[in-house]
Every structure is written in structure tokens, then in C-alpha cells.
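Below you'll find the structure, written out as C-alpha cells, and then a few comments.
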Amino acid sequence: MSTSKSFQDLIVWQRAHQFVLSVYKYTSVFPKEERYFLTSQFRRAATSIAANIAEGFAKRTKPDKIRILNIAQGSLEECRYYILLSIDLDYGADKNMEKLSEEVSKLLNAYLKAIESSK
């Protein structure tokens, strides 16, 4: 199915990693009182996306891969909520981060479909 030798070869992981970096930059200007809640939760969820893609890459069975990648999808949706919440709290907006989240979502869905349809 894949000629990738490492999770780092996966475009979906590369974009997810870019998303994590953008979340770190975006949250670095959040108010100090958010350090232990929204900033921490947002960063943890974003990191979980890329980390679960990496973990899923290493899983040997299709059900294990699908389960771990589904966790990555859940973390991505969590981040999408944090983006909305951050905007509603007037912490600013980052169009690049929003664009990256959409791209990661599409790539992750395509990657999952490829795994599901593989032999």
C-alpha cells in the first residue's frame, strides 16, 4: 500500500506537524491565565494528531491502524473547536492555521480510506 519508510515520509504527517507548529505559535500570545487550560489543551490535542499518525504508521494490523488514526481525527476536531473558541474569546484568528486544519482533515480522511480499502 505504501512505499513510505517512516511516518515522516507521509504528507499527512508533514502537514499535521506544520499544524502543531502553527498552534504553538498561535497560542503563544494567549493570555497568561489560559496557560494551564486552553493553551495547554489546544497544544496537547494538536500534538496528538501528529503523534497518532506516527503511531498508526507503525501498527501492523489494519484495525489497529484505523483505530489510532480515528483518534487523530478526534483530536483534530477538538482543535477545530479550540479555534472557534479562541476566535469567540477574541484571542485572534490565524487563517493559515485554519487552512492547515482543513488540509490535514482531508489528507487524514484520504489516508484512512486508503488503509480501509487495502488488502
Side-chain angles (χ1 to χ4, degrees):
M1 177 192 77
S2 175
T3 59
S4 300
K5 294 182 170 99
S6 163
F7 67 86
Q8 293 171 303
D9 296 333
L10 300 172
I11 293 170
V12 65
W13 179 85
Q14 293 169 11
R15 295 301 186 277
H17 181 66
Q18 288 175 346
F19 178 72
V20 172
L21 296 176
S22 72
V23 166
Y24 267 75
K25 183 177 179 185
Y26 177 63
T27 57
S28 69
V29 298
F30 280 12
K32 286 189 195 278
E33 65 264 18
E34 291 291 4
R35 182 180 307 139
Y36 299 109
F37 180 66
L38 185 56
T39 300
S40 177
Q41 288 293 111
F42 201 164
R43 288 177 174 188
R44 231 177 291 196
T47 304
S48 176
I49 300 163
N52 280 300
I53 292 168
E55 183 179 350
F57 179 84
K59 295 294 181 182
R60 294 190 179 269
T61 68
K62 190 189 301 190
D64 282 344
K65 284 183 182 293
I66 291 168
R67 184 180 60 78
I68 295 296
L69 293 172
N70 188 247
I71 293 169
Q73 285 180 311
S75 295
L76 179 58
E77 290 306 309
E78 184 179 350
C79 285
R80 290 170 124 178
Y81 168 67
Y82 293 146
I83 291 169
L84 293 173
L85 178 60
S86 299
I87 291 168
D88 287 348
L89 292 171
D90 291 325
Y91 294 165
D94 182 326
K95 294 297 177 192
N96 183 56
M97 183 182 60
E98 293 175 51
K99 183 180 157 203
L100 270 171
S101 73
E102 184 61 34
E103 185 179 3
V104 171
S105 178
K106 288 177 182 175
L107 288 167
L108 192 50
N109 285 333
Y111 187 42
L112 265 163
K113 283 182 183 174
I115 291 168
E116 289 169 343
S117 65
S118 69
K119 291 184 180 183

> Is M97 reachable from L89 through a run of hydrophobic residues whose side-chain heavy atoms are each under 4.5 Å from the next?
Replying inline: yes

> Would you say R43's side chain and Y24's backbone share a donor-acceptor pair under 3.5 angstrom?
Replying inline: yes

>> What verdict does the side-chain contact (heavy atoms from CB on, under 4.5 Å) test give for K65 and L112, after you've listed the backbone C-alpha separation in whole Å, the side-chain angles of each residue and the deciding distance to 0.1 Å?
In response: CA-CA 8 Å; K65 284 183 182 293; L112 265 163; over 6 Å; no

>> Tell me whether I83 shares a hydrophobic cluster with L76, the cluster being built from Ile, Leu, Val, Met, Phe, Trp, Tyr side chains joined at under 4.5 Å.
In response: yes

>> One pair to check against side-chain contact (heavy atoms from CB on, under 4.5 Å): V104 and I49. What are the steps and the verdict?
In response: CA-CA 9 Å; V104 171; I49 300 163; 4.1 Å; yes

> With the threshold set at 4.0 Å, does a side-chain nitrogen-carboxylate oxygen contact exist between R80 and E77?
Replying inline: yes

> Between K59 and E55, is there a side-chain N and carboxylate O pair less than 4.0 Å apart?
Replying inline: yes

>> For L108 versus V12, what's the shortest heavy-atom pair and its separation?
In response: N-CG2, 3.6 Å

>> Check whether Y26 reaches the backbone of G92 with its side chain - one donor and one acceptor, N or O, closer than 3.5 Å.
In response: yes

> About how many Å separate CZ of R35 and CD of E33, when rounded to the nearest 0.5 Å?
Replying inline: 10.0 Å

> Looking only at atom types and distance, does a side-chain atom of N70 sit under 3.5 Å from a main-chain N or O of I66, one as donor and one as acceptor?
Replying inline: no

>> Does L84 have more than 12 heavy atoms from other residues, nucleotides or ligands lying within 6.0 Å of its CG?
In response: yes

>> I'd like to know whether I53 forms a side-chain contact (heavy atoms from CB on, under 4.5 Å) with L69, so could you lay out the CA-CA distance, the side-chain angles of the two residues, the decisive distance to 0.1 Å, and finally the verdict.
In response: CA-CA 6 Å; I53 292 168; L69 293 172; 4.1 Å; yes

>> Check for me, please, whether V29 and L38 land in the same ILVMFWY cluster - side-chain distances under 4.5 Å, paths through other members count.
In response: no

> Short question: side chain of T27, backbone of V23 - any donor-acceptor pair under 3.5 Å?
Replying inline: yes

>> Would you say the rings of F42 and Y82 are close, in the sense that their centroids are separated by under 6.0 Å?
In response: yes

> Between A54 and W13, which heavy-atom pair has the shortest distance, and what is it?
Replying inline: N-CD1, 4.3 Å

> Are there more than 12 heavy atoms of other residues, nucleotides or ligands under 6.0 Å from atom NZ of K62?
Replying inline: yes

>> Ignoring hydrogens and geometry beyond distance, is a side-chain donor-acceptor pair present between D9 and Q14 at under 3.5 Å?
In response: no

> Step by step, would you call F19 with C79 a side-chain contact (heavy atoms from CB on, under 4.5 Å)?
Replying inline: CA-CA 10 Å; F19 178 72; C79 285; 3.9 Å; yes

>> Pair S40, R44 - check side-chain hydrogen bond (donor to acceptor under 3.5 Å, both in side chains), show working.
In response: CA-CA 6 Å; S40 177; R44 231 177 291 196; 2.3 Å; yes

>> With rounding to the nearest 0.5 angstrom, report the CD1 to OH distance, I11 to Y111.
In response: 11.5 Å

>> Distance check, rounded to the nearest 0.5 Å: D94 atom CG versus K99 atom NZ?
In response: 11.5 Å

